[in-house]
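Here is the structure we will look at, set down as C-alpha cells.
In what follows, every heavy atom counts, from backbone to side chain, and hydrogens, waters and symmetry copies are set aside. Residue numbers start at 1 and run along the sequence shown. Order of listing sets the numbers, starting from 1, for every ligand and every atom in it.
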Amino acid sequence: MKIAMGNDHSAVEMKNEIKAYVEAKGYEVIDFGTNSSESCDYPVYGEKVGRAVAAGEADLGILICGTGVGISLAANKVKGVRACVCSEPYSAKLSKMHNNTNILAFGARVVGVELAKMIVDQWLEAEFEGGRHQRRVDMLMEIENR
Ligand code: RB5
C-alpha cells in the first residue's frame, strides 16, 4: 500500500519519524516534502498529497503541519479528498470506520511523536464499515458536484 506524505517546515522532523515508522511496517511512502526547515507554505504540500490520493497514485495520505489544520484544509479542496485532523487515536479510527477518510492530518506542535504513532496506527488499521456510513459518505461527496 502506498502512502503519500506531505508537511511544512514545522513538521520535517515529525514527518521523518512517521515516515520511518510506517515504512518499517511495510508501507511504501511517496514523500512530497518539504524536507527543509526553511519557512514554506502548507497549501502547496496539502494540495500535492490531495491530488496524489485523488488520482490513485497513493492509496492514502498523511499530512503534518504545525496544527494539521491548514494543510488538511488545502487537501480538502481537492475533489475526492476526505481529510481530517486528529489529535487522538479514537477520532482517527472512527474517521476511517465511519467517514472513510483517505487523508489523516495532525499537528507537529500539538502531538508528540509517540502519540502520533498511535494515531497513525489506529487510522491505518481501521476499515471503513460501509452500510449506513456509505450513504452519508456518498452525500458528502455529492456536495462537490453542486
Ligand atoms: C506555520 O507557522 C503554521 O501556520 C502551519 O504549520 C500550520 O499550523 C497551519 O495551519
Side-chain angles (χ1 to χ4, degrees), residues 1-128 133 136-146:
M1 183 180 283
K2 286 186 193 169
I3 301 179
M5 290 192 72
N7 58 283
D8 73 1
H9 55 281
S10 69
V12 177
E13 202 176 315
M14 176 70 91
K15 189 271 302 290
N16 287 333
E17 296 253 20
I18 298 301
K19 180 179 172 182
Y21 184 68
V22 297
E23 282 177 339
K25 286 175 176 281
Y27 294 95
E28 184 183 333
V29 172
I30 310 170
D31 185 350
F32 285 91
T34 182
N35 286 304
S36 164
S37 57
E38 206 169 299
S39 183
C40 66
D41 300 321
Y42 58 77
V44 172
Y45 303 95
E47 182 179 358
K48 283 183 186 200
V49 167
R51 292 206 183 280
V53 171
E57 287 163 32
D59 302 287
L60 296 170
I62 297 178
L63 289 169
I64 319 169
C65 65
T67 59
V69 174
I71 205 159
S72 64
L73 288 174
N76 272 318
K77 297 294 180 191
V78 177
K79 193 170 181 175
V81 167
R82 291 176 301 281
C84 69
V85 187
C86 295
S87 301
E88 35 73 31
Y90 180 78
S91 300
K93 179 177 179 173
L94 269 289
S95 82
K96 183 77 90 57
M97 290 171 68
H98 289 186
N99 315 114
N100 202 15
T101 47
N102 49 17
I103 296 184
L104 171 71
F106 51 88
R109 294 172 177 160
V110 179
V111 299
V113 71
E114 295 306 322
L115 180 55
K117 287 176 186 173
M118 287 183 187
I119 292 167
V120 167
D121 279 343
Q122 289 293 307
W123 186 68
L124 288 175
E125 285 163 22
E127 285 184 18
F128 181 51
H133 301 297
R136 293 163 184 163
V137 171
D138 289 344
M139 289 170 74
L140 273 181
M141 304 323 284
E142 279 165 22
I143 295 171
E144 291 182 342
N145 300 320
R146 291 203 287 273

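Heavy-atom contacts from other residues, nucleotides or ligands closer than 6.0 Å to CD of E38 number 12 or fewer. Within 6.0 Å of the CE atom in M141, the count of heavy atoms belonging to other residues, nucleotides or ligands exceeds 12.
By the side chain to side chain contact (heavy atoms under 4.5 Å, CB included) test, E13 pairs with no residue at all, sequence neighbours left out. Residues satisfying the side chain to side chain contact (heavy atoms under 4.5 Å, CB included) criterion with K48, sequence neighbours excluded, are F32, V44.
Listed by first and then second residue, the salt bridge (Lys or Arg N to Asp or Glu O under 4.0 Å) pairs that reach into residues 64-83 come to none, sequence neighbours excluded.
D8 places no side-chain N or O within donor-acceptor distance of the main-chain N or O of C40, the cut-off being under 3.5 Å.
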Tabulation required: pairs of a nitrogen or oxygen in ligand 1 and a protein nitrogen or oxygen under 3.5 Å; columns are atom names and distance to 0.1 Å; otherwise 'none'.
{"residue": "ligand 1", "atom": "2 (O)", "partner": "R109", "partner atom": "NH1", "Å": "3.3"}
{"residue": "ligand 1", "atom": "6 (O)", "partner": "D8", "partner atom": "OD2", "Å": "2.5"}
{"residue": "ligand 1", "atom": "6 (O)", "partner": "S10", "partner atom": "OG", "Å": "3.4"}
{"residue": "ligand 1", "atom": "6 (O)", "partner": "G66", "partner atom": "N", "Å": "2.7"}
{"residue": "ligand 1", "atom": "8 (O)", "partner": "G66", "partner atom": "N", "Å": "3.3"}
{"residue": "ligand 1", "atom": "8 (O)", "partner": "T67", "partner atom": "N", "Å": "3.0"}
{"residue": "ligand 1", "atom": "8 (O)", "partner": "T67", "partner atom": "OG1", "Å": "3.3"}
{"residue": "ligand 1", "atom": "10 (O)", "partner": "T67", "partner atom": "OG1", "Å": "3.3"}
{"residue": "ligand 1", "atom": "10 (O)", "partner": "G70", "partner atom": "N", "Å": "2.9"}

